[in-house]
Every structure is written in C-alpha cells, then in structure tokens.
Amino acid sequence: MLELTDVVAGYGSTTIVQGISLEVAQGECSVLVGPNGHGKTTLLRAISGLIRARSGRIVFDGSDITREKAEKLVERGLIHMPQGDLVFPDMTVEENLLLGAFPRAAAKRAKQRIDEVYQIFPRLLERRTQRARTLSGGERRMLAIGRGLMGDAKMIMIDEPSLGLAPVIVDEVYRQLRSIVESGMTVLLVEESVTRAQSLADSMHLVENGEIVRSSKGSELLDKQAIRATYLGVSE
Amino acid sequence: MNLVLQTLVSTLVQGSMLALITIGMSLVYGTLRVLNMAQGVMVMVGGVAAWTFVSGTGLSPWLGMIVAVIVAALLGMLSYGVGISRLIGRAGVDFEMTAFISTFAIASIVQNLVQLIYGPRQKDFPVLVPGRIQLTEGVSITWQQILTAAIAIAALSLLGLFLTRSRYGLAIVAVAQNLDAARLMGIPARRAYVLTMGLAAGLAGLAGVLLAPVYFVSPGMGDLPMLQALIVAIFAGLGSTRGTIIAAYIIGFVQAAVSIFWSSTYAMPVLYALIVVVLIVRPFGIAGKPQEARL
C-alpha cells in the first residue's frame, strides 16, 4: 500500500529524516517507535506532502506521490492525523467532522460516515454541537481521529495518539484504534510508548537519528534490549 | 434628545459601512496573515467602476453596483496572483512583512493608474434612491443612508451564511483556524486564499458604490476609508470577524458622538487616542488572540 525508498526530509538547512525505507502492506498496522526528536513526525509530514521530501521515492497505492500536494493525497485516500490536536477550535464537533469529508467524492457519503464515526466514538455524538475548543484533551484526540475517518481513507497515518493524555483516556483511545485496525484499515502509527504500540502492531520499526535502526515483524516485535539502548543510551 | 437620535442614526450608517470595508481585511488577515493595505483602493475601484459603467452606458446605478463588485473582486484576485501568491512559502522571506509591503505597492499602482486614466477630478455619482424621511422635528435621514446601512448589513449577513454553511466558506474558516489541519482534510489552501481576496475586494467595491454619492468618485476616495478600516481592524483584533463588526459600530459611535457633541474636527484625533489606549491595554484588540507567524 505504501512504499518508501530512501526518503530524506527536513526543514530549512536541517536534515532530519536521513534516508528511510519502509513498506506497509495492505491491511497491516505498522508502527514507528523511538524517542522524540528523531524524525518520526517529520517523516509523516513528508509522506503526506506537508513538506517536500529532499530525495527518495514515495509510492502509495501503486502511484508515485513523492511530489504530490497534501490536499491531493487526501483525495487518493491517504489520511494523516497529525500530532497534537489539530482540530478547528471554533467549529462544532459536527462541523469538524464534516470538514473531514471535504473532497467531493467523500462529501457524498458524509452522512453515512458520520454515523459510523459516532458509533466508534459515542462521546463525540454527545458533544456534537459543542465547539471543539471546549472538549477535553481525550475528546479532541478522538475528534481528530474521527475526522480522519470521514474521508475515503485507504490508509491512515496517526501521529502519537497517546501524547499528553491520562493513561485511562489512552486506554480508551487505543480500544478505538484497535477497532479501526481490526476493520482492515491499513495503518501507519507513530508512537513513543512501545508497550501500547505492541498491542496493535503487525510490524514495528525503531527510528533513531532519522533512520530505521531495527525492524521486526509479527509476534517477536522489537526486543527490549534494543529499545532500552535507544531510549536510555544503555549499550547492549 | 434629537442629538442622541442623530448620533444613533449616524452610528448605524457609519458603523455598517465600516464593518463592510473592514470585514474583508479581517478575512484576509485571518486566512492569509496579510495586513491588506489595498483594501481602500478596492473601495475606490468599486466607485470608479460603477461611475464608468453608469456614465458610459446610461444604465441604472444598481447595475453599476453589480459591475463594481465584480470588477473589484477580480482585481482582488489578480492582486493575490501577482503580489502575494509568489511570496508564500519562500525560504528566507518574512511572508507577513513582505506581503504587507506588496499590498502597499498594489494600492499605489492601482491608484496611480486610475489617476492617469481618469484624472484627479472628483466625479458625481447619483444617489441610488433620492429623498429623505423626517424622524422627528429636526432629525431626518436620507434614503441613501438607510439603503447604505441596509445593503451593508445584508451583505454582512450573506457573508456570514456563506462562511458557516457553504463548502468553500467553511474551507476559508478552516484555513484561518488551522492551516495544516485544513490541508490534511484535502482543503485546497490556495483556492481558499484566492476566494478570500476576491470576497474582500468585492465587499470593498460594494462599499465604494455606496460611498460614491457622498464622497464623490476620485482616485483618492479610498484613502479615508482605508485609514478608518485600519483603526477598526486594530481595535477589533486582526482576523476576528465578529470582533470587527462590534468594533465597527463602536468606532462608528465614537466618531458620530464626537462629531455631533463636540466637533467633527476632533473625530479622527479622538479615534487615534482611543487606538493608542487599546494598543497599550490590549495590543491584540478587543476580540483578537495573540498569534504566531505561519506562512
């Protein structure tokens, strides 16, 4: 579904992603783990076209999207749910969700989609006429994810869904993510919390200094040693 | 009593007019983060376009109003394409400041072109509806004033509906509230920018036609409205549409009250003093929020 070859990206004169190659198969949940500031978010921004990749190739659903604009990628079905709460603060929950179905093709199915989203996130239904800025952090995160599901998503990229949330809320968000993953959606998840991510992942990749230093598949996933070495600087 | 009534009438007319001119600046600042110094010139372009149409064809000034809105809107979009779009996302360019200067250049070019073609002479423009009605003994209001307020309020209401109900209206608001999130929803930011610039200029053009019978049509007819719009925009807090409307009526009221109870000579100085106070006490205006640079 998504194939990266040697992608390099950064801001201004700083290169952050130092050549990452990665493949996410259809229906798979792939997780990028690793400490903050090592290029996971920048990689997602380069894939979704918010910034241009310096070099390398990005192929999505059979076509080269390396130079594609962010808004066009949404129409192709690649949805990026960014870090933090990038909701529209002065719009209601429902308006936020409807904007998630902005592309014309998606707009036609918006009515049906919104019911599906409310089914996954019943709290959003309770809050539908409230302004997004009045929601709690967890609800805003749910809104951001729900809004991403409003488009014709073939694949979603989620950036740190647990960031800054209380553990009990994270549990709830993860339960909802699991139901999305189990519905067969292709997912690329960026997460700092390894144990959380492990519960969802089909494959995991450890990102360090803008490179993937270790990958693993299936049940073995990443061994604790490698993770500890990266997070704590303890050598193996 | 009469003076109070007169002040209120004047506030309504002047406030609606100010809101009509300034709302475009707020929209443009909200979505593009550009302080658009060409807004006054678009007022003038509206007046000139309507005058050219009416004096050239002899048709109704109402049609002239439609022509004015279209001409100003097109010019607004053109000025985006020529003066602003190329600056977006350029490395090493302070977008807000450069675009601000760019709009100055646009204003200056357009104003001088108009002067070159039409000359500096003031031109008469017919009132849309003649006559006046007597409110009480000594206080009357012209139909032109009533019409000005009514059309301005109608245009603002339509704009409000557009921004909250329509696909592209919501897109503009989304871009204003969070650019990255909007792009990730598939909202074409550049199309929203063009549309915003067109809307802002179109509304200014409409204001130009409404002002034309009062101020006459001349290359400089947008200068005073520009100054007033700037005061309203700063008072409101740049980018806030609701704040702009409130601020427009407050400024309209202050201007009317000072003119009527004191002297019209002091109306502008008092407004300047008010702005200085606002800038000291609440530098981001009554409804604005401190904002970061973005493009």
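Since the structure is predicted, the reported quantities are computational estimates derived from the model, not experimental observations. All chains are named by letter (A, B, ...) in the order of the sequence lines, taking the proteins before the strands, and each is independently numbered beginning at 1.
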If you draw a 6.0 Å radius around [atom1] in [X], do more than 12 non-hydrogen atoms from other residues or ligands fall strictly inside?
{"X": "A:Arg57", "atom1": "CZ", "result": "no"}
{"X": "A:Gln119", "atom1": "CD", "result": "no"}
{"X": "B:Arg86", "atom1": "CZ", "result": "no"}
{"X": "A:Gln26", "atom1": "CD", "result": "no"}
{"X": "B:Arg242", "atom1": "CZ", "result": "no"}
{"X": "B:Phe253", "atom1": "CZ", "result": "no"}

_Please give me the minimum heavy-atom distance between A:Phe88 and B:Ala174, naming the atom from each residue._
CE2-O, 3.4 Å
*Taking ring pair (Phe, Tyr, Trp, His ring centres under 6.0 Å) as the test, write out the residues that go with B:Phe100, two or more places apart.*
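B:Phe100 satisfies ring pair (Phe, Tyr, Trp, His ring centres under 6.0 Å) with B:Phe104 once adjacent residues are dropped.
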*Residues in ring pair (Phe, Tyr, Trp, His ring centres under 6.0 Å) contact with B:Tyr80, at least two apart in sequence or another chain*: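 Partners of B:Tyr80 by the ring pair (Phe, Tyr, Trp, His ring centres under 6.0 Å) criterion come out as none, since no residue qualifies.
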*Do A:Arg104 and B:Arg167 come close enough that some side-chain heavy atom pair is under 4.5 Å?*
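Counting from C-beta outward, A:Arg104 and B:Arg167 do come under 4.5 Å.
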*Looking at CZ of B:Arg190 and NZ of A:Lys69, how far apart are the two atoms once the value is rounded to the nearest 0.5 Å?*
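Result: 7.0 Å between the selected atoms.
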*Separation of B:Asn178 CG from A:Leu99 CG (nearest 0.5 Å)*: 11.5 Å
*Counting a contact as any heavy-atom pair under 4.5 Å apart, which residues of residues 181-188 of chain B contact chain A?*
B:Ala181, B:Ala182, B:Arg183, B:Leu184, B:Met185, B:Gly186, B:Ile187, B:Pro188
*Based on non-hydrogen pairs under 4.5 Å, which of A:Leu50, A:Ile79, A:Asn96 is most in contact with chain B?*
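Heavy-atom pairs under 4.5 Å are most numerous for A:Leu50.
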*chain B: which of A:Glu75, A:Lys72, A:Met91, A:Met150 shares the most heavy-atom pairs with it under 4.5 Å?*
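Sorted descending by pairs with chain B, the first entry is A:Met91.
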Exercise answer: donor-acceptor pairs, residues 150-159 of chain B side-chain atoms, under 3.5 Å, sequence neighbours excluded:
| unit_1 | atom_1 | unit_2 | atom_2 | d |
| --- | --- | --- | --- | --- |
| B:Ser157 | OG | B:Ile153 | O | 2.7 |

